[in-house]
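Worksheet for the structure shown next.
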Amino acid sequence: MSQESVILVTGGSGLVGKAIEWVITNETGRFGKKDGEKWVFLTSKDGDLRSKAATEAIFEKYKPTHVIHLAALVGGLFKNMKYKLDFLRDNLLINDNVLHTAHAARDYKVKKVVSCLSTCIFPDKTTYPIDETMIHNGPPHDSNFGYAHAKRMIDVQNKAYHDQFGDKYTSVIPTNVFGPHDNFDLEDSHVIPGLMHKCYLAKKNGTPFVVSGTGKPLRQFIYSRDLARLFVWVLREYDEIDPIILSVGEEDEISIKDVADAIVKAVGFEGDYTFDTSRSDGQFKKTASNAKLKSYLSDFQFTPFDVAVKESVDWFIANYSTARTGNV
Ligand code: NAP
Ligand code: GDP
């Protein structure tokens, strides 16, 4: 990137946005802030990106040269199952407003947009491991219907903007993310922050610790600060329009029971826990290949899962009064 870059991060107050801010602020070298870069981290208070006028006003104010587009209606399995139309419409609107406002800018040039997809948007019926070429090969799992279709359209739009106008809009596909600043709501969150909160309450109040589902589904988890480093690399160095999966290896896929065990250890919970098998397991697995990432960045070091879980639990407990816990 040249001097005087303005990097606008939509969704800058969320799990991933806060991790990028942390990396940019705290690290030097390949992933740290470079001279001549101005980073702007947006929250929904800067404007509702479902509104075209609000989106245009934000772009007009900051005149970005680069955009990392994270803002989205986001939630775990149970929230996705409840609000399919909201996940579809909110995300379609946000994505179209951000991409088209970047494209239509007249008095400044947005050189690159990096948007965020997710491995849960891949076809439900598929072969494994999933790779970047398979996004549109069949319907997504029904639990993610709205979110997945909206996210898939980013990849479609990126290709169309590129093929018709030469715009350099690309996307990344992270697996399940966790870390500081996550949404720790008890019901609407993803599995790791949800179970961290439940386990913390079980230890504090002597209440049961109950894990939803059978504990058997498999997931690959990426620590938000590792993902943040990879986002910075993609922004600066990845030159394709086609997406890239940002994930730990297939050998690092673990079960939900393994997740619960790691959380029990990090929280220091000494009781037993149970599984509520009346609740949904969601997709059994969505094993993704990180071969493309490895072909570009063979030496990237992921934070060990236990270390990342411990850092996240410690952050959650230290910030309990202000974290997104769903407590009013
Ligand atoms: P998050 O913690 O829920 O943060 C969402 C961000 O989007 C917040 O900054 C929020 O602003 C902003 N936002 C939401 N609706 C908005 C609107 N209408 N207008 C303006 N801003 C809005 O989400 P996250 O986990 O960081 O997710 C970031 C990206 O990663 C998303 O695109 C998501 O789809 C993707 N992703 C996440 C995961 C995961 O496991 N978390 C996995 C794969 C991909 P406020 O803070 O002001 O509300
Ligand atoms: P997904 O990977 O998109 O399905 O999203 P989640 O992060 O919500 O993970 C869902 C998996 O974790 C399913 O197998 C759930 O049954 C299981 N799970 C266990 N306990 C919880 C919980 O407290 N919250 C959530 N969201 N999922 C849980």
Side-chain angles (χ1 to χ4, degrees), residues 9-21 41-51 54-55 58 68-81 86-87 89-91 93-95 97-98 114-121 140-141 143-144 147-148 150-151 154 171-199 209-224 227-228 231 245-247 255-257 259-260 263 273 275-286 288 324:
V9 182
T10 74
S13 51
L15 165 66
V16 181
K18 279 289 184 190
I20 294 176
E21 187 177 30
F41 292 88
L42 297 175
T43 81
S44 63
K45 293 193 190 73
D46 292 290
D48 186 338
L49 296 172
R50 290 172 300 183
S51 152
T55 310
I58 289 171
I68 292 182
H69 173 38
L70 305 172
L73 179 61
V74 178
L77 169 65
F78 301 107
K79 188 174 177 186
N80 268 278
M81 287 166 64
D86 291 345
F87 273 94
R89 287 202 71 232
D90 283 13
N91 290 322
L93 286 168
I94 290 172
N95 299 336
N97 285 334
V98 168
V114 182
S115 299
C116 198
L117 314 182
S118 164
T119 47
C120 66
I121 75 170
H141 192 267
S143 58
N144 288 315
Y147 179 81
K151 286 281 184 187
I154 291 182
S171 61
V172 302
I173 313 178
T175 50
N176 294 50
V177 190
F178 70 101
H181 299 275
D182 212 333
N183 175 7
F184 294 89
D185 190 279
L186 290 169
E187 182 59 20
D188 284 345
S189 60
H190 288 100
V191 56
I192 289 190
L195 290 184
M196 283 178 179
H197 193 174
K198 287 173 188 169
C199 190
F209 176 35
V210 183
V211 177
S212 298
T214 62
K216 291 181 182 157
L218 301 171
R219 297 287 185 270
Q220 287 153 297
F221 292 95
I222 183 166
Y223 187 37
S224 57
L227 177 59
F231 251 108
I245 291 173
L246 303 181
S247 173
S255 72
I256 299 300
K257 181 179 185 309
V259 170
I263 290 173
Y273 67 87
F275 293 97
D276 179 355
T277 54
S278 69
R279 303 210 75 198
S280 173
D281 268 344
Q283 248 169 310
F284 179 66
K285 66 177 186 173
K286 35 191 177 173
R324 286 183 286 169

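All ligand and atom numbering here is 1-based and tracks the order in the structure.
Here is the list of ligand 1 atoms found below 4.0 Å of a heavy atom in Gly47: 19 (N), 20 (C). Against a heavy-atom cut-off of under 4.0 Å, Gly76 is close to the following atoms of ligand 2: 8 (O). Listed by atom number, the atoms of ligand 1 under 4.0 Å from Leu117 heavy atoms are 43 (C), 44 (C). Which parts of ligand 1 touch Arg324 is read off a 4.0 Å heavy-atom cut-off, strictly below it: atoms 1 (P), 2 (O), 3 (O). Residue-ligand proximity, His190 to ligand 1, at heavy-atom distances under 4.0 Å covers atoms 39 (C), 40 (O), 41 (N). Taking every heavy atom of Val211 and a limit of under 4.0 angstrom, the matching atoms of ligand 2 come to 19 (C), 20 (N).
Taking atom 26 (N) of ligand 2 as the reference point, the nearest protein heavy-atom neighbour is Ser189 O, 2.9 Å. Among all non-hydrogen protein atoms, the one lying nearest atom 9 (O) of ligand 1 is Ser13 OG, 2.7 Å. Ranking protein heavy atoms by distance to atom 22 (C) of ligand 2, first place goes to Lys198 NZ, 3.7 Å. From the protein, the heavy atom lying nearest to atom 31 (C) of ligand 1 is Leu70 O, 3.0 Å. Atom 19 (C) of ligand 2 has as its closest protein heavy atom Ser212 O, 3.0 Å. Among protein heavy atoms, atom 30 (O) of ligand 1 sits closest to Cys116 SG, 3.2 Å. From the protein, the heavy atom lying nearest to atom 23 (O) of ligand 1 is Val74 CG2, 3.5 Å. For atom 14 (C) of ligand 1, the nearest non-hydrogen atom of the protein is Ala72 O, 3.3 Å. The protein heavy-atom contact nearest to atom 40 (O) of ligand 1 is Val177 N, 2.9 Å. In terms of protein heavy atoms, atom 26 (O) of ligand 1 is closest to Val16 N, 2.9 Å. Among protein heavy atoms, atom 36 (N) of ligand 1 sits closest to Tyr147 OH, 3.8 Å. Remark: minimum distance from atom 15 (C) of ligand 2 to any protein heavy atom is reached at Ser280 O, 3.7 Å. The shortest contact between atom 3 (O) of ligand 2 and any protein heavy atom is with Lys286 NZ, 3.3 Å. Counting protein heavy atoms only, atom 24 (N) of ligand 2 is closest to Val191 CA, 3.9 Å.
How far CZ of Phe178 is from CG of Leu195: 12.5 Å, rounded to the nearest 0.5 Å. Ser13 OG to Leu70 CG: the interatomic distance, rounded to the nearest 0.5 Å, is 9.5 Å. Within the model, atoms CD of Gln283 and OG1 of Thr119 stand 8.0 Å from one another, a figure rounded to the nearest 0.5 Å.
Note: an N/O pair closer than 3.5 Å links Gly11 and ligand 1 by distance alone. Backbone and side-chain nitrogen or oxygen atoms of Leu77 are examined, and one is located within less than 3.5 angstrom of a nitrogen or oxygen of ligand 2. Of the polar atoms of Pro174, none of the N or O atoms is found under 3.5 Å from an N or O of ligand 1, judged by distance alone. Residue Asp281 places at least one N or O, backbone or side chain, under 3.5 Å from an N or O of ligand 2. For ligand 1, the polar-atom distance check against Ser118 finds no nitrogen or oxygen pair separated by under 3.5 Å. Checked against a 3.5 angstrom limit, the closest N/O atoms of Gly17 and ligand 1 fall outside it. Remark: ligand 1 and His69 share no N or O pair separated by less than 3.5 Å (distance only, no angle test).
Using 4.0 Å as the threshold, Thr119 has no heavy atom nearer than that to any atom of ligand 1. The shortest heavy-atom distance from Phe178 to ligand 1 is not under 4.0 Å. Distances shorter than 4.0 angstrom do not occur between any heavy atom of Asn183 and any atom of ligand 1. For Arg219, the closest heavy-atom approach to ligand 2 falls below 4.0 Å. Note on ligand 1: Asp48 sits in its first shell, one or more heavy atoms being nearer than 4.0 Å.
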Verdict with reasoning, Leu73 to Asp86, per side chain to side chain contact (heavy atoms under 4.5 Å, CB included)
CA-CA 8 Å; Leu73 179 61; Asp86 291 345; 3.9 Å; yes
Can Cys120 and His141 be said to form a side chain to side chain contact (heavy atoms under 4.5 Å, CB included), step by step?
CA-CA 8 Å; Cys120 66; His141 192 267; over 6 Å; no
Worked verdict on Ser212 versus Lys198 for side chain to side chain contact (heavy atoms under 4.5 Å, CB included):
CA-CA 11 Å; Ser212 298; Lys198 287 173 188 169; 4.2 Å; yes
Between Ser143 and Met81, does the side chain to side chain contact (heavy atoms under 4.5 Å, CB included) criterion hold? Intermediate values first, please.
CA-CA 5 Å; Ser143 58; Met81 287 166 64; 3.7 Å; yes
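Contacts of Asn80 with ligand 2, taken as heavy-atom pairs under 4.0 Å, are absent altogether. Only the backbone of Thr175 comes within contact range of ligand 1, with a heavy atom under 4.0 Å; no side-chain atom does. Contacts of Pro217 with ligand 2, taken as heavy-atom pairs under 4.0 Å, involve the side chain alone. Contacts with ligand 1 closer than 4.0 Å are made by side-chain heavy atoms of Lys151 only, the backbone lying farther away. Only the side chain of Ile94 comes within contact range of ligand 1, with a heavy atom under 4.0 Å; no backbone atom does.
With hydrogens and angles disregarded, a donor-acceptor distance shorter than 3.5 Å links the side chain of Thr10 to the backbone of Ala71. A distance-only check finds a donor-acceptor pair linking the side chain of Asp46 to the backbone of Thr43 [under 3.5 Å]. A donor-acceptor pair is defined here as one N or O able to donate and one able to accept, closer than 3.5 Å; such a pair exists between the side chain of His190 and the backbone of Gly75. No donor-acceptor pair closer than 3.5 Å links the side chain of Glu21 to the backbone N or O of Phe41. Panel note: side chain Ser247, backbone Ala288; no donor-acceptor pair is recorded below 3.5 Å. Side-chain atoms of Asn97 come within 3.5 Å of backbone N or O of Arg50 as a donor-acceptor pair.
Of the listed residues (Ser171, Ser115, Cys116), just one forms a side chain to side chain contact (heavy atoms under 4.5 Å, CB included) with His69, and that residue is Ser115. Of the residues listed (Asp276, Asp281, Thr277), the one engaging Thr214 in a side chain to side chain donor-acceptor pair (under 3.5 Å) is Asp281, and it is the only one.
Using bins of under 30°, 30° to 60° and over 60° for the plane-to-plane angle, the ring pair Phe87/Tyr147 lands in the perpendicular bin.
Counting heavy atoms of neighbouring residues, nucleotides and ligands inside a 6.0 Å radius, atom CZ of Arg324 exceeds 12 of them.
Ile192 places none of its side-chain heavy atoms less than 4.5 Å from the side chain of Asp182. Residues Ile58 and Leu49 are in side-chain contact: their nearest non-hydrogen atoms beyond the backbone lie under 4.5 Å apart.
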